[in-house]
Asks: 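Quick one: this structure, given as structure tokens, is what I'll be asking you about.
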Amino acid sequence: MSKQKIKVGVLGCTGAVGQKLISLLEDHPLFEITAIAASENSAGKIYKDVVNWLEAKDIPASVAGMTIQKCLPGLDCKIVFSGLDSKVAGEIEQNMALHGYVVISNSKNHRMVDEVPLVIPEVNAEHLQLIQKQSGQFKCKEGGMIITNPNCSTVVLCVSLFPIYKCFGLSKVVVTTMQAISGAGYPGVPSLDILGNVIPYISEEEGKIETETLKILGKYDSGAIKFASIKISAMCNRVAVKDGHTMSISFETERKASKEEILKCIEEYNREVKVDFDVLRYFDNPARPQPLLDAAKGKGMTVSVGNLRECSVLDWKMTALGHNTIRGAAGAAIINAEYLLRKGLV
Ligand code: NAP
């Protein structure tokens, strides 16, 4: 193993998000997978023998022959990426942080805990200062902490709205989502329920979007987050799309802005935060973005928006799209870890 790379583990390595993490971490310049873990049913088995591999590329050779371990302290790594089922993630992640691991979680369990940063680095990296408060909350051994990334729809909504919020303020947002089947994990929604159909309910999803967004767009102030005061209403639907959550967003700004001003602020934001991919891309074509064509833009990390037009109820409306298991989960967790490392916080 190369000495420069940080040892990382994947909790929930057999799940949809766990597999995406393993796939994206192959040949990563900073991280090297040295441990994988899942439930007691999988523990003790060789990864390639037990996983129902869903990614288009092969299982990375360095992971295929690894033995799956239990999700307990003792894993040979510094950082653990968690793609655990939320039924068990809370307790396991807390225990890992307590024992000195840096836990980067995709699960809902700790997102709204006061001392836990809920972070999209291109939006609210300053919230990472909350880490300092965690030794009290979790009684973590030195270096232990929990960082969370948002719900897969919340990420898309927050990245789409952030430049507009920063430039003009937001008072009201109404969002209707059309969410991909892969957002429900594997095997997820039965095919007979979803084929040729729309399911107008996703458990807890609307509440997550409405509350997480206010934390993310909130301000870090003297050791706490002052939530944004925006009225948000979310309506969530599961649709027969494999990957990519699409959403129709209407919003009212605090300071009135023209279409040109809004598009300019989106463009400037993308230029400012651009890493090696577009963080936020605007399409002039009103029939874009579409999940089939655009979810994989920027290797799945680009949030796409389009068709900004006047709304007769709120001020403006537009379409947004993001890849749910990359931008909305595994990729979001990895850029959080990269950011922590770059800033010397790990
Ligand atoms: P999933 O496919 O159902 O995978 C769940 C993982 O948790 C599996 O590896 C499973 O291991 C493990 N697990 C289950 N019970 C366990 C136990 N008692 N102890 C240890 N490990 C256990 O789910 P997913 O879609 O990958 O989602 C994972 C997490 O990410 C969830 O919290 C979800 O809400 C969140 N998330 C998902 C998405 C998405 O687009 N899918 C997006 C954002 C966030 P076994 O195979 O051994 O049972």
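All ligand and atom numbering here is 1-based and tracks the order in the structure.
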Asks: Would you mind listing which atoms of ligand 1 come within a distance below 4.0 Å of any non-hydrogen atom of C152?
Replies: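 Heavy-atom distances to C152 below 4.0 Å select 42 (C), 43 (C).
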Asks: So, does H245 use its side chain to make a donor-acceptor pair with the main chain of A180 at under 3.5 Å?
Replies: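 Confirmed, H245 side chain pairs with A180 backbone.
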Asks: Quick check: N41 and ligand 1, any N/O pair under 3.5 Å apart?
Replies: no
Asks: Regarding atom 14 (C) of ligand 1: of the candidates V10, V51, D85, which has the closest heavy atom?
Replies: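 Minimum heavy-atom distance to atom 14 (C) of ligand 1 goes to D85.
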Asks: Are any of the side-chain nitrogens in E268 or K264 under 4.0 Å away from the carboxylate oxygens of its partner?
Replies: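 A salt bridge is present here (some side-chain N lies under 4.0 Å from a carboxylate O).
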Asks: Answer yes or no: is there a donor N or O on one side and an acceptor on the other, between the side chain of N336 and the main chain of V119, under 3.5 Å?
Replies: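 Present.
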Asks: Below the 3.5 angstrom mark, is there an N/O of S42, backbone or side chain, next to an N/O of ligand 1?
Replies: yes
Asks: Salt bridge or not between E93 and R111? Use side-chain N to carboxylate O under 4.0 Å.
Replies: no
Asks: Can you check whether A184 has an N/O within less than 3.5 Å of an N/O in ligand 1?
Replies: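 The answer is no, given that A184 and ligand 1 share no N or O pair closer than 3.5 Å.
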Asks: How far is atom 28 (C) of ligand 1 from the closest protein heavy atom, and which atom is that?
Replies: G83 O, 3.2 Å
Asks: I need the nearest protein heavy-atom contact for atom 19 (N) of ligand 1: residue, atom name and distance, please.
Replies: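 Here the closest protein heavy atom is S39 CA, 3.6 Å.
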Asks: Test your reading of the structure: does G12 have an N or O sitting under 3.5 Å from an N or O of ligand 1?
Replies: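 Min N/O separation from ligand 1 is below 3.5 Å for G12.
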Asks: For ligand 1, which atoms, with element, lie under 4.0 Å from some heavy atom of A329?
Replies: 42 (C), 43 (C)
Asks: Spell out, as yes or no, whether a donor-acceptor pair under 3.5 Å connects the side chain of T148 to the backbone of H110.
Replies: no
Asks: Among all protein heavy atoms, pick out the one at the shortest distance from atom 8 (C) of ligand 1; state its residue, atom name and that distance to 0.1 Å.
Replies: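 Result for atom 8 (C) of ligand 1: T14 OG1, 3.4 Å.
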Asks: Short N/O distance, under 3.5 Å, between V88 and ligand 1?
Replies: no
Asks: Can you list the ligand 1 atoms lying under 4.0 Å from a non-hydrogen atom of G15?
Replies: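 Once the distances to G15 are compared, the set is 1 (P), 2 (O), 4 (O), 8 (C), 9 (O), 26 (O).
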Asks: Is it true that K297 and D278 make a salt bridge, defined as a side-chain N closer than 4.0 Å to a carboxylate O?
Replies: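 No, this pair does not count.
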Asks: Considering L84, I326, V17, T154, which one's heavy-atom position lies nearest to atom 32 (O) of ligand 1?
Replies: L84
Asks: What pair of heavy atoms forms the shortest contact from N109 to G90, and how long is it?
Replies: ND2-N, 3.3 Å
Asks: Can a salt bridge be assigned to the pair E272 and K166 using a cut-off of 4.0 Å between side-chain N and carboxylate O?
Replies: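 Salt bridge between E272 and K166, a charged N being under 4.0 Å from a carboxylate O: yes.
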Asks: Can you tell me the protein heavy atom closest to atom 3 (O) of ligand 1 and the distance?
Replies: Y186 O, 4.3 Å
Asks: What heavy-atom pair brings I181 and R238 nearest, and what distance separates the two atoms?
Replies: CA-CD, 4.0 Å
Asks: Please list the nearest protein heavy atom to atom 23 (O) of ligand 1 with its residue and the distance rounded to 0.1 Å.
Replies: G185 CA, 4.2 Å
Asks: At what distance is the nearest protein heavy atom to atom 44 (C) of ligand 1, and which residue and atom is it?
Replies: N106 O, 3.4 Å
Asks: I need the atoms of ligand 1 closer than 4.0 Å to a non-hydrogen atom of G328, numbered in the order shown.
Replies: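 Under 4.0 Å from G328, ligand 1 has these atoms: 42 (C), 43 (C).
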Asks: Give the residue and atom name of whichever protein heavy atom lies nearest to atom 2 (O) of ligand 1, and the separation in Å to one decimal.
Replies: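 So the nearest neighbour among protein heavy atoms is A16 N, 3.0 Å.
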Asks: Please identify which atoms of ligand 1 are closer than 4.0 Å to at least one heavy atom of S182.
Replies: 39 (C), 40 (O), 41 (N)
Asks: In the structure I gave you, are the side-chain heavy atoms of I230 and E252 within less than 4.5 Å of one another anywhere?
Replies: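 Side chain of I230 against side chain of E252, heavy atoms only: no contact under 4.5 Å found.
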Asks: Under a 4.0 Å heavy-atom limit, does A89 contact ligand 1 with its side chain, its backbone, both, or neither?
Replies: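 The answer is neither.
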Asks: Run through R281, R288, H323 and flag the one making a side-chain hydrogen bond (donor to acceptor under 3.5 Å, both in side chains) with D294.
Replies: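 Passing option: R288.
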Asks: Considering non-hydrogen atoms only, spot the tightest contact between F162 and E122 and give its length.
Replies: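 Shortest heavy-atom contact: CE2-O, 3.9 Å.
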